[in-house]
Amino acid sequence: MRVIGVTGGVGAGKSTVLGILEKEFDAYVIQADLLGHVLMEPGEECYDAVISLFGKEIIKKDKTIDRRRISDVVFTDKDMLLKLNGIIHPAVKQRILRLISEQREAGRKLCVVEAALFLEERYQEFCDEVWYVYTEEEIRIQRLMESRGYSRDKSLGIIRNQVSDQVFRENTDYVIENNGDLEDTRRQIREGIEKNETL
């Protein structure tokens, strides 16, 4: 089974690329952020540890964790962010490895792993190749303002806080330019898939 890692900055349109890989190339898609949310659900392995870290006030009436309250805290408290990451990231990585193993045993041909902190968490260690979804900064700002309701300043702040374009390019195997032309994006994905003839 071929395992492709997909990374890129916020607002780059990674979900568009993942959707095409899933629908048109029968990829099994794993998203680290979504798994992180699952692992904080009641009964999952990070639930108790996150409550111990932030206190019982983050528990909502339905017993789920109020992720918005957590994000408000970690946005201003770097120490708490590091502690939260120390709980979530190792558990996410273990779950991803398990899912990859299950898909391999099931005979799947293609698995795609997407993570915002892909390089920082060294996900490339268990991927055959890593794709970088690149989008011009101005387009990313517009996307964040439209899709998330962020101000221009907040969008720019988040983008500038992330890994630079140069670092992404130096540490990935294939670049998809995703500046708004869906057919062009689709063509680049097809080329990336065809580069490896085992599929």
Side-chain angles (χ1 to χ4, degrees), residues 5-15 17-18 29-100 112-127 130 132-135 137 140-172:
V6 173
T7 189
V10 66
K14 294 185 293 293
S15 53
V17 172
L18 297 178
V29 173
I30 302 170
Q31 291 179 271
D33 281 358
L34 296 183
L35 273 186
H37 297 167
V38 168
L39 290 168
M40 283 199 284
E41 292 293 320
E44 289 283 353
E45 56 209 77
C46 298
Y47 181 75
D48 292 332
V50 171
I51 290 169
S52 295
L53 178 62
F54 289 91
K56 289 197 166 46
E57 60 271 19
I58 64 163
I59 305 172
K60 297 199 285 192
K61 283 194 175 70
D62 63 1
K63 295 283 188 273
T64 61
I65 287 172
D66 189 338
R67 290 203 315 270
R68 181 165 292 228
R69 290 187 77 162
I70 288 178
S71 77
D72 288 345
V73 172
V74 299
F75 193 71
T76 55
D77 188 333
K78 291 281 183 278
D79 188 46
M80 287 296 271
L81 177 62
L82 286 173
K83 287 177 179 169
L84 175 66
N85 287 346
I87 295 168
I88 303 292
H89 290 166
V92 166
K93 194 178 267 190
Q94 284 311 307
R95 182 66 61 92
I96 288 173
L97 289 171
R98 198 172 88 201
L99 289 169
I100 289 173
V112 177
V113 179
E114 182 270 325
L117 298 174
F118 195 98
L119 300 177
E120 295 91 328
E121 291 296 314
R122 304 204 58 75
Y123 281 25
Q124 61 270 39
E125 289 170 359
F126 53 79
C127 293
V130 183
Y132 166 43
V133 182
Y134 167 78
T135 304
E137 188 176 271
R140 290 168 64 193
I141 291 168
Q142 291 304 319
R143 283 179 185 165
L144 289 174
M145 288 167 68
E146 285 163 22
S147 66
R148 302 192 192 179
Y150 291 170
S151 68
R152 184 177 186 82
D153 283 349
K154 182 172 183 178
S155 302
L156 203 52
I158 292 168
I159 288 170
R160 295 275 159 87
N161 248 336
Q162 293 189 318
V163 172
S164 71
D165 177 52
Q166 185 184 350
V167 170
F168 273 126
R169 287 178 188 270
E170 286 170 358
N171 290 280
T172 52

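Every value quoted in this text rests on a predicted model; they were computed, and no experiment measured them.
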Minimum heavy-atom separation for [X] and [Y], please, with both atom names.
X: Gly9; Y: Lys14; answer: O-NZ, 3.0 Å
X: Ser155; Y: Met145; answer: OG-CG, 3.8 Å
X: Phe118; Y: Cys127; answer: CZ-SG, 3.7 Å
X: Glu44; Y: Val38; answer: CG-O, 3.1 Å
X: Glu120; Y: Val163; answer: OE2-CG2, 3.1 Å
X: Thr135; Y: Arg140; answer: O-CD, 3.2 Å

Value rounded to 0.5 Å, distance of [atom1] in [X] from [atom2] in [Y]:
X: Leu35; Y: His89; atom1: CG; atom2: NE2; value: 11.5 Å
X: Ile96; Y: Ile100; atom1: CD1; atom2: CD1; value: 7.0 Å
X: Leu39; Y: Ile87; atom1: CG; atom2: CD1; value: 11.5 Å
X: Ile51; Y: Ile70; atom1: CD1; atom2: CD1; value: 8.5 Å
X: Ile141; Y: Arg152; atom1: CD1; atom2: CZ; value: 4.5 Å
X: Ile159; Y: Asp165; atom1: CD1; atom2: CG; value: 12.0 Å

A side-chain contact here means heavy atoms from C-beta on lying under 4.5 Å apart; do [X] and [Y] qualify?
X: Arg67; Y: Lys60; value: no
X: Leu84; Y: Val73; value: no
X: Leu18; Y: Val112; value: yes
X: Val50; Y: Ile88; value: yes
X: Thr7; Y: Tyr123; value: no
X: Val92; Y: Glu121; value: no
X: Glu137; Y: Leu156; value: yes

Next item on the list: Just jot down the salt bridge (Lys or Arg N to Asp or Glu O under 4.0 Å) partners of Asp72, sequence neighbours excluded, or say none.
Entry: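 Applying salt bridge (Lys or Arg N to Asp or Glu O under 4.0 Å) to Asp72 gives none.
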Checklist line | ring-ring contact (aromatic ring centres under 6.0 Å, His included) partners of Tyr47, counting only residues at least two apart | finding: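 Not a single residue meets the ring-ring contact (aromatic ring centres under 6.0 Å, His included) criterion with Tyr47.
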Notebook entry, point to check: Between Phe75 and Lys154, is there a cation-pi geometry (under 6.0 Å to ring centre, at most 45° from the normal)?
Noted result: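 Output yes; distance and angle both within limits.
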Check: Which of these, Lys83, Met80, Arg69, sits in a side-chain contact (heavy atoms from CB on, under 4.5 Å) with Phe54?
Finding: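 The passing option is Met80.
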Next item on the list: Tell me yes or no: between the side chains of Asp153 and Ser151, is some donor less than 3.5 Å from an acceptor?
Entry: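 Result is no, nothing qualifies.
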Notebook entry, point to check: Are Tyr132 and Asn171 close enough that a side-chain donor and a side-chain acceptor fall under 3.5 Å?
Noted result: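 The criterion, which ignores hydrogens and geometry beyond distance, is not satisfied for Asn171 and Tyr132.
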Item checked: Greater than 12 external heavy atoms within 6.0 Å of Gln166's CD ->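 At most 12 heavy atoms, drawn from other residues, nucleotides or ligands, come within 6.0 Å of this atom.
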